[in-house]
Asks: 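I am attaching a structure below and will ask some questions about it afterwards.
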Amino acid sequence: MSNLLHNLNEHQLAAVTLPNQHALILAGAGSGKTRVLTTRIAWLIQAGNASPASILAVTFTNKAAKEMTVRLGAMLTANIRGMWLGTFHGLCNRLLRAHHRDARLPQLFQILDTGDQLAAVKRVMKALQVDEDKFPPRQVQYWIADAKEKGERAGDVQVVDDISRKYVEIYAAYDEQCQKEGVVDFAELLLRSFELLSRNEVLCEHYRNRFRHILVDEFQDTNVLQYRWLKLLAGPGSSIFAVGDDDQSIYRFRGANVGNMADFERDFRVQNVIRLEQNYRSQGNILSAANQLIAHNRNRLGKNLWTSAGEGEPIRVHEAASDGYEAAWLVEEVQTLVREQGMARRDIAFLYRSNAQSRVLEHALFSAGIPYRVYGGQRFFERMEIKHALAYLRLLANTDDDGAFLRVANFPVRGIGARTLEQLQDTAAAAGVSLYRAAQQLQGAAATKVGVFLRIIDTLRSETNDLPLPEVVEHMLDRSGLLAHYRAERDGADRVDNLNELINAAASFEQERPIALPPMVEIEPPAPAPGPAVAQGDGGLFDAPVNPPAQPLSAPLSDDAASALVDGGAPNEAPPPTDPLALFLAHAALESGENQAAEGMDALQMMTVHSAKGLEFHAVFITGLEEGLFPHEQSVMEDDGLEEERRLMYVAITRARTRLYLSYAKTRLLHGQTRYNIASRFLDEVPDELTKWLTPKLGMGMANEPSWLSSPSSGSNASGQTPPKGRDPGHGYRIGQNVSHAKFGQGVIVSAEGSGTDARLQINFGRHGVKWLSLEFAKLSPA
DNA sequence: GCGTTAGTTATTTTT
DNA sequence: TAACTAACGC
């Protein structure tokens with residue numbers, strides 16, 4: 001045990017060894033947050049204070065869950081079987097599987113990912129004949145998710161006008177459709193399990209008694225519903241150990257509520273608030289920059305990072321004439337770092353605010369022959385061919401899954417057109433059955449073609465009944481015709497590879513399952529065949545009689561379930577369903593897979609600031625530091641938007657260990673148009689004494705364009721220095737020129753109109769917006 | 001029923 | 001610019 005606590009600093013130690021009381025750990029960037037969290041768990045177990053089964057640890061990402069699992073494995077020799085460690089969604093999935101009847105779900109309910117959900121929303125809207133122009137499906141989807149994340153069902157939402165009435169109507173129909181099909185979306189996982197626990201007192205009591213120690217990672221990212229879920233689960237004998245950093249809250253746009261931290265402190269009368277402020281990552285100047293920048297935010301719990309490391313190097317700032325020049329300079333600097341500092345490329349990162357910015361950078365890196373890796377983008381389980389394959393598997397697990405049915409009924413093409421499907425949908429709706437059911441009863445010409453599809457599903461099911469999962473997948477690929485279809489396609493080679501990779505994914509999923517049960521990651525010793533924790537089978541004590549789906553969400557807890565539990569003593573927490581197919585499908589939805597492979601090569605790292613959270617690099621380049629880009633123009637409109645952007649900048653800065661570069665371009669090609677920008681206000685918020693300008697601070701710094709930039713898009717104007725085509729406007733100003741205005745300050749000329757004293761100039765003043773000014777009246781001076 | 005073309009529209013992302 | 005969607009013609 002002593003070596004467990006070895007090397008912890010005073011505050012980390014205090015946090016780890018806190019008594020069993022609620023605690024809020026304000027863990028600054030690089031302060032050893034994950035270490036504290038995992039050591040706390042290990043300490044609880046090793047000191048004999050807690051049994052693993054009494055621990056519930058929640059994270060946001062599968063990555064974080066996995067990392068904690070690995071670290072715990074290294075710390076503990078003890079058997080930690082029975083601990084619940086996973087993402088909110090993974091845990092809820094587990095809960096709902098275990099108590100699917102109480103939750104009014106089929107045992108093999110399927111999980112909709114974002115794309116599936118959008119398709120489902122569109123389907124509902126079509127059935128309700130809602131105008132998609134008036135109610136964009138994406139917005140509706142967002143709205144529904146938002147409502148669910150606030151814990152509101154359709155009936156709970158306030159109707160204030162015709163618009164919201166329509167939204168509510170769609171929401172209700174959508175939920176009904178999901179219920180009928182036996183599918184749940186991401187937000188539903190949470191809401192449904194929240195309702196399950198709040199409705200079922202006995203069940204809730206059981207888990208409250210069980211989980212005496214609830215630990216939450218990235219607490220600043222929790223949404224309202226997640227917080228309520230935690231509140232519900234924390235009984236009188238439980239304590240919540242929440243770790244978070246309000247300054248790193250950057251997901252408000254998807255429902256994260258930083259306010260939860262303050263609410264938690266108040267609601268639970270938290271006595272133990274511990275700040276972890278010693279940073280083990282960055283050198284002094286970098287930390288100072290971060291501290292002083294974030295000090296501009298008003299709503300903070302307050303925290304100041306410090307380090308015992310020296311000041312280190314100054315923060316280097318670079319101004320480029322255009323995005324092309326910026327990229328060229330970045331490449332040059334990277335080459336110097338690698339050549340002269342011997343820095344590995346994998347220790348260098350280019351960060352940017354939005355994905356669109358990566359293109360120029362990639363182009364420059366590619367031309368220079370520097371290996372790089374771009375994070376983000378398509379994930380394995382989201383690829384079209386994989387979604388098709390999964391749809392077949394979903395139909396095997398659950399024929400009521402209309403979404404899956406529609407996706408592959410005519411893929412590969414078998415002559416079932418939109419007309420047939422529409423007709424099928426009508427019959428199904430009229431009879432109140434699934435498409436599959438309706439298809440079985442179909443008469444007429446279309447019946448034969450639909451029959452072909454049905455037969456594929458049916459034979460597949462009977463053939464694969466007892467096969468191991470990878471073979472099920474293999475059969476499906478073959479019998480569905482998917483493999484043949486992509487083999488015949490000219491550019492289908494990659495897709496064929498991916499489909500084959502799906503067999504591997506299934507195989508390794510099966511293999512890892514006894515040890516780690518993704519995404520739930522329950523640590524267990526290898527279980528004897530036929531699988532992990534095959535307990536008393538389905539129909540355990542908690543299982544209520546199936547309720548009629550008529551009022552699926554509000555029916556009271558059945559007496560049977562309650563009495564069974566009371567009589568039964570030790571409650572059966574019901575093992576996860578042993579159906580490997582359903583588990584695999586849940587895994588595919590909840591853990592959409594690696595973004596990109598190609599690990600191993602020493603490649604420079606490129607990603608958005610958002611996806612850099614939690615990572616660190618020796619050298620970090622924060623690029624595109626321009627007003628309108630970073631902070632993003634859209635965000636400046638929202639309230640608290642600017643503060644969130646600043647937190648984003650704070651996250652970006654604190655990724656760097658020894659070297660930090662900030663760069664911006666005066667001119668950038670965006671949406672096919674050249675934009676003239678001024679430097680980000682965040683540059684001003686980093687104190688001068690910490691920075692070293694590599695270009696003159698009010699610079700020009702022109703050179704010839706790099707040869708690889710000589711595309712038509714970056715000619716003349718893009719340099720930001722040449723006047724617009726046509727005759728001389730005769731007022732001495734030119735596009736791209738920096739000017740200064742008495743009231744609006746620094747700006748850059750975006751475009752011009754007229755000539756002489758009649759001329760009007762359009763000037764981008766950054767935070768003051770883009771303005772048209774008349775040359776005659778405006779007090780302008782070149783800057 | 002299916003492939004092609006014109007029009008539209010642009011953050012951030014995990015589950 | 002480029003990616004994606006919706007409507008159009010075969």
Side-chain angles (χ1 to χ4, degrees), chain A residues 58-65 86-93 111-118 122 132-133 136-138 142 145 148-149 184-191 218 221-223 225-226 249-256 323 351-357 359-360 363 375-377 379 381-382 410-411 413-422 446 449 518-520 586-593 595 607-614 624 628-638 641 644-645 647-649 651-652 668-675 711-714 718:
Chain A
V58 204
T59 65
F60 268 85
T61 62
N62 293 298
K63 198 174 153 195
T87 64
F88 275 104
H89 298 267
L91 295 166
C92 288
N93 175 44
I111 299 168
L112 302 184
D113 70 16
T114 319
D116 300 327
Q117 193 196 7
L118 182 62
K122 282 183 178 169
E132 291 204 356
D133 291 324
R138 254 174 221 290
Y142 194 80
K148 288 191 180 185
E149 279 166 7
V184 299
D185 60 48
F186 286 134
E188 183 72 23
L189 283 170
L190 277 149
L191 182 51
E218 305 277 20
D221 286 338
T222 48
N223 62 37
L225 181 57
Q226 284 160 339
S249 161
I250 55 175
Y251 286 110
R252 207 180 54 116
F253 69 93
R254 64 170 200 223
D323 50 352
L351 305 186
Y352 34 81
R353 172 68 240 262
S354 61
N355 283 305
Q357 291 165 250
R359 192 173 300 274
V360 218
H363 186 33
Y375 282 72
R379 301 151 134 217
F381 288 111
E382 281 165 5
N410 196 35
F411 195 94
V413 179
R414 37 180 87 90
I416 304 171
R419 199 174 42 80
T420 310
L421 288 174
E422 242 164 73
K449 286 174 176 174
M520 221 330 282
H587 163 79
L590 289 175
E591 195 170 354
S592 35
N595 270 331
M607 65 198 80
T608 63
V609 180
H610 279 94
S611 33
K613 193 172 120 182
L629 249 196
F630 197 0
H632 198 280
E633 54 196 349
Q634 306 248 33
S635 71
V636 183
M637 323 292 280
E638 311 159 13
E644 176 134 326
E645 294 288 305
R647 292 193 288 269
L648 205 46
M649 182 66 184
V651 168
R668 184 174 296 273
L669 202 60
L670 199 64
H671 306 327
Q673 275 192 319
T674 307
R675 302 213 340 185
S711 58
S713 61
S714 55

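Residue numbers start from 1 in every chain, and the chains themselves are labelled A, B, ... in the order their sequence lines are given, proteins ahead of strands. Computation of the quantities below employed the complete heavy-atom set of this structure, encompassing side-chain atoms and omitting hydrogens, waters and symmetry-equivalent molecules. As the structure is a computational prediction, the values presented were derived from the model and not from experiment.
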Asks: Rounding to an integer number of Å, can you tell me how far A:L648 CG sits from B:dT12 C1'?
Replies: 7 Å

Asks: Below the 4.0 Å mark, does B:dG1 have OP1 or OP2 next to a side-chain nitrogen or oxygen of A:R414?
Replies: no

Asks: How long is the line joining OH of A:Y375 and P of B:dT13, in whole Å?
Replies: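 It is 14 Å, rounded to the nearest whole Å.
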
Asks: Rounded at 0.5 Å granularity, tell me how far CG in A:L629 sits from CZ in A:R353.
Replies: 9.0 Å

Asks: Mind checking the C1' distance from C:dT5 to B:dT12? Whole angstroms is fine.
Replies: 23 Å

Asks: For A:A64, give me all partners under side-chain contact (heavy atoms from CB on, under 4.5 Å), at least two apart in sequence or on another chain.
Replies: A:T59, A:T61, A:D217

Asks: Could you tell me which residues satisfy side-chain hydrogen bond (donor to acceptor under 3.5 Å, both in side chains) with A:E633, sequence neighbours excluded, listed by chain and number?
Replies: A:R675

Asks: Is there a stack between A:Y251 and B:dT14, judged by ring centres under 5.5 Å and planes under 30°?
Replies: no

Asks: Tell me: CZ of A:R647 to C1' of B:dT12, nearest whole Å?
Replies: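 Those two atoms, CZ and C1', are 13 Å apart.
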
Asks: Closer than 3.5 angstrom, by distance alone: can the side chain of A:D185 be matched with the main-chain N or O of A:A145 as a donor-acceptor pair?
Replies: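 No, A:D185 side chain to A:A145 backbone: no donor-acceptor pair under 3.5 Å.
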
Asks: Tell me whether the OP1 or OP2 atom of B:dT12 has a side-chain N or O from A:R252 closer than 4.0 Å.
Replies: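 False: A:R252 side-chain N/O out of range (4.0 Å or more) of B:dT12 OP1/OP2.
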
Asks: Remember a base hit wins even if backbone is also touched, and classify A:F60 as base, sugar-phosphate or nothing at under 4.0 Å, heavy atoms.
Replies: sugar-phosphate

Asks: Could you tell me which residues satisfy side-chain hydrogen bond (donor to acceptor under 3.5 Å, both in side chains) with A:Q357, sequence neighbours excluded, listed by chain and number?
Replies: A:S354

Asks: Mind checking what makes side-chain hydrogen bond (donor to acceptor under 3.5 Å, both in side chains) contact with A:T114, not counting sequence neighbours?
Replies: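 For A:T114, no residue satisfies side-chain hydrogen bond (donor to acceptor under 3.5 Å, both in side chains) once neighbours in sequence are set aside.
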
Asks: Excluding sequence neighbours, so at least two apart, what forms side-chain hydrogen bond (donor to acceptor under 3.5 Å, both in side chains) with A:K613?
Replies: A:D221

Asks: Counting only side-chain N and O atoms of A:S611, is one of them less than 4.0 Å from OP1 or OP2 of B:dT12?
Replies: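 It does not, given that no N or O in the side chain of A:S611 lies less than 4.0 Å from OP1 or OP2 of B:dT12.
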
Asks: Measure from CZ on A:R675 to P on C:dT1 and round the result to the nearest Å.
Replies: 16 Å

Asks: Apply salt bridge (charged side-chain N to carboxylate O under 4.0 Å, His left out) to A:E638 and list each qualifying residue two or more places apart in sequence or on a separate chain.
Replies: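 Counting only residues at least two positions away or on another chain, A:E638 forms a salt bridge (charged side-chain N to carboxylate O under 4.0 Å, His left out) with A:R252.
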
Asks: Ion pair present between A:R647 and A:E644, side-chain N to carboxylate O less than 4.0 angstrom?
Replies: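 So A:R647 pairs with A:E644 through a salt bridge.
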
Asks: Using the purine O4'-C1'-N9-C4 or pyrimidine O4'-C1'-N1-C2 torsion, is B:dT11 syn (within 90° of 0) or anti?
Replies: syn

Asks: With sequence neighbours excluded, tell me which residues meet side-chain contact (heavy atoms from CB on, under 4.5 Å) with A:E382.
Replies: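 A:E382: side-chain contact (heavy atoms from CB on, under 4.5 Å) contacts with A:D113, A:Q378, A:R379, A:S592.
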
Asks: Would you classify A:A418 as touching base, sugar-phosphate or nothing, given that sugar-phosphate means primed atoms plus P, OP1 and OP2, and contacts are heavy atoms under 4.0 Å?
Replies: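 Sugar-phosphate, no base atom in range.
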
Asks: May I have the distance from A:D133 (atom CG) to C:dT5 (atom C1'), rounded to whole angstrom?
Replies: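 In whole Å, C:dT5 C1' and A:D133 CG are 11 Å from each other.
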
Asks: Has A:R419 got a side-chain N or O lying under 4.0 Å from the OP1 or OP2 atom of B:dG1?
Replies: yes

Asks: Quick one: which protein N/O atoms are closer than 3.5 Å to N/O atoms of nucleotides 8-10 of chain C? Pair and distance per line, please.
Replies:
none

Asks: Enumerate all atom pairs, one protein N or O and one N or O from nucleotides 3-11 of chain B, separated by less than 3.5 Å.
Replies:
{"unit_1": "B:dT11", "atom_1": "O4'", "unit_2": "A:H632", "atom_2": "NE2", "d": "3.4"}
{"unit_1": "B:dT11", "atom_1": "O4", "unit_2": "A:E638", "atom_2": "OE2", "d": "2.8"}

Asks: For A:N410, which contact category applies under a 4.0 Å heavy-atom criterion: base, sugar-phosphate, or nothing?
Replies: sugar-phosphate

Asks: Roughly, in whole Å, what's the span from CZ in A:R138 to C1' in C:dA6?
Replies: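 Computing the A:R138:CZ to C:dA6:C1' distance gives 14 Å.
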
Asks: Please tell me if A:T114 has a side-chain N or O lying less than 4.0 Å from either OP1 or OP2 of B:dT13.
Replies: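 Checking A:T114 against B:dT13: no side-chain N or O falls below 4.0 Å of OP1 or OP2.
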
Asks: Please figure out whether A:S592 or A:A356 has its closest DNA chain B nucleotide nearer the 5' end.
Replies: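 Comparing both residues, the 5'-ward one is A:A356.
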
Asks: What's the spacing between A:F88 CZ and A:Q226 CD if we round to 0.5 Å?
Replies: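 Taking CZ in A:F88 and CD in A:Q226, the distance rounds to 4.5 Å.
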
Asks: In whole angstrom, give the distance that lies between atom CZ of A:F253 and atom P of B:dT14.
Replies: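 Atom-to-atom, A:F253 to B:dT14, this comes out as 9 Å.
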
Asks: May I have the distance from A:E132 (atom CD) to C:dA7 (atom C1'), rounded to whole angstrom?
Replies: 13 Å

Asks: Taking only the P atom of each, what is the distance from B:dT13 to C:dC4 in whole angstrom?
Replies: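 15 Å, rounded to whole Å.
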
